[in-house]
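Quick notes on the structure that follows.
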Amino acid sequence: MCGIVGIVSTSNVNQSLYDALTVLQHRGQDAAGIVTFQDDRFYLRKDNGLVRDVFHTRHMRRLVGNVGIGHVRYPTAGSSSSAEAQPFYVNSPYGITLAHNGNLTNADELSRDLFRTDLRHINTNSDSEVLLNVFAHELQKLGKLDPTKEDVFSAVRAVHQRCRGAYAVIAMITGYGIVGFRDPNGIRPACYGERTAEDGRKEYMIASESVALSAAGYTLVRDIAPGEAVYIETDGTLYTQQCASEPHLFPCIFEHVYFARPDSIIDGVSVYKARLRMGETLADKVLRERPDHDIDVVMPIPDTSRTSAMQMAHRLGLKFREGFIKNRYIGRTFIMPGQKMRKKSVRQKLNPIDLEFKGKNVMLVDDSIVRGTTCKEIVQMARDAGARKVYFASAAPPVRYPNVYGIDMPSASELIAHDRTVEEVRELIGADWLLYQDLDDLVTCVSDVNDDIEGWECSVFTGEYVTGDIDATYLDRLDEARNDMKRSGNMDASSCDNAIIDLHNDED
């Protein structure tokens, strides 16, 4: 999972891009990058680290120009190389840079085609570089000295025909403008907004989440539709066109469960309201299964589950308490590079308030249970703090299947709920009672606002993949590639997800 942003403005965009990436930092903590354009030149700064660590005053001064794009990168597994930081760049045609959120499920096939047929070289293990070269090749085939908006849309149509999987993309074409587009299923989010400059001209921003727009003073216009492309020329002229033959809106439901900020609106759905409803349906399930429950207090596992836990407590008429204090200087454990790092960081990240636990039956609420490492540690922390009984509720259903669309769940063997009953998971995490959200309830929580949503990408719960190209052979190959990279020590962040195992980065 990553965060992307692009701006066409009437003044320098470096500070606005920096601010937007800071707001989107929750979508990726591994690397950050910004590229701007002025006077026929790109100005690029990218490196591993948080936004505040990658960009210093000297870097910002060099990022001149009224057009630019930015990216924050999420490490999907293992350690990572700075060569994988985005945006990526190709010089032909025109000079194009690209930032991408998602995962191509046919990246290895595309890599071979790019080398053998398109005569293009891929220098990293990232599917984002693959996608960039597909787009660049399709634009170059048109043979135009000056590409028109129709040429850009034609190249996007060709990308949709060749690329499979999940992708939200922002690309900058030197001297012409930026283009943003989503995959034909709209799995990964993207939206755009506008504001009026002092001279009356329109300025535009494209971003992964609406919160980045509002933080920069832009007004949300709408989400980019699945398969649609939004092209903004350097003078601020905006064009949109549907570029997919059969688009369908099947957004990733995990955005609302975990990844997105609660103050974002994605595909017309308020993340905050969705999480409130998740708490209500959890409370209703408590009353169905244990109407005579003995819960004394409801506590969130900071921070994503706070909204659901608060509403759950309200619905049950119970006290809501903050039992854990979070160290804000420790990153999100879900996207920590390795299992040992995730486990070690739990007690560094959370510290219990013994007073809130001592002698009480505590219901802990988390957004989801993936590997189970974190919640097992937290349950034990609650017991050590003096809780009499520790109950655990997940705002999401059991995560039983790998994710192939850009979330760090590539191997079923890593998922605590895979091939296990709820009771078996409860025993493993050490809770006295384990409560999962029902999938039908979760879908209801996010589905009553936007009639354009045909369904939800719920593969981590159901094992059903909306792109229709994922089978047991693909998952086995993905798992084997991941294990091979573990043994070799070359487990880069994107490499295992994309299974591009025949092309290696020199820095690995």
So Phe461 and Phe254, would you call those rings parallel, tilted or perpendicular, with 30° and 60° as cut-offs? tilted
Side chains of Glu203 and Arg201 in contact at under 4.5 Å (non-hydrogen atoms): no
Would you check if the side chain of Thr462 reaches a backbone N or O of Cys458 as a donor-acceptor pair within less than 3.5 Å? yes
Quick check: do Val179 and Phe135 have side-chain heavy atoms less than 4.5 Å from each other? yes
Any Arg222 side-chain heavy atom under 4.5 Å of Glu228 side chain: yes
Worked check of side chain to side chain contact (heavy atoms under 4.5 Å, CB included) between Asp118 and Asn133: CA-CA 9 Å; Asp118 299 348; Asn133 276 272; over 6 Å; no
Polar side-chain atom of Arg188 near backbone of Ser208 as donor-acceptor pair, under 3.5 Å: no
Does NZ or CZ of Lys149 fall inside the cone over Tyr239's six-membered ring, less than 6.0 Å from its centre and within 45° of the axis? yes
Gln437 side chain vs Ala395 backbone, donor-acceptor pair below 3.5 Å: yes
For residues 452-471, which residue pairs pass the salt bridge (Lys or Arg N to Asp or Glu O under 4.0 Å) check, not counting sequence neighbours? Arg164-Asp469
For the side chain of Tyr405 and the backbone of Thr467, is there at least one donor-acceptor N/O pair under 3.5 Å apart? yes
How close do Phe153 and Cys243 get, counting heavy atoms only, and between which atoms? O-SG, 3.7 Å
Can a donor-acceptor pair be found, under 3.5 Å and without considering hydrogens, that links the side chain of Arg277 to the backbone of Cys445? yes
Glu138 side chain to Ser154 backbone, donor-acceptor under 3.5 Å: no
For residues Phe115 and Ile122, determine if any side-chain heavy atom of one lies less than 4.5 Å from a side-chain heavy atom of the other. no
Hey, is Glu109 close enough to Arg162 for a salt bridge, meaning N to O under 4.0 Å? no
Does the side chain of Arg52 pick up a donor-acceptor pair with the side chain of Gln25 at under 3.5 Å? no
Is there a side-chain contact between Phe42 and Thr174, using heavy atoms and a 4.5 Å cut-off? yes
Asp183 side chain to Tyr167 main-chain N or O, any donor-acceptor pair under 3.5 Å? yes
For residues Val443 and Leu439, determine if any side-chain heavy atom of one lies less than 4.5 Å from a side-chain heavy atom of the other. yes
Do Trp456 and His256 touch side chain to side chain, with heavy atoms closer than 4.5 Å? yes
Quick check: does any side chain N or O of Arg195 sit under 3.5 Å from a backbone N or O of Ala216, one acting as donor and the other as acceptor? yes
Asn185 vs Leu249 side-chain heavy atoms within contact, under 4.5 Å: no
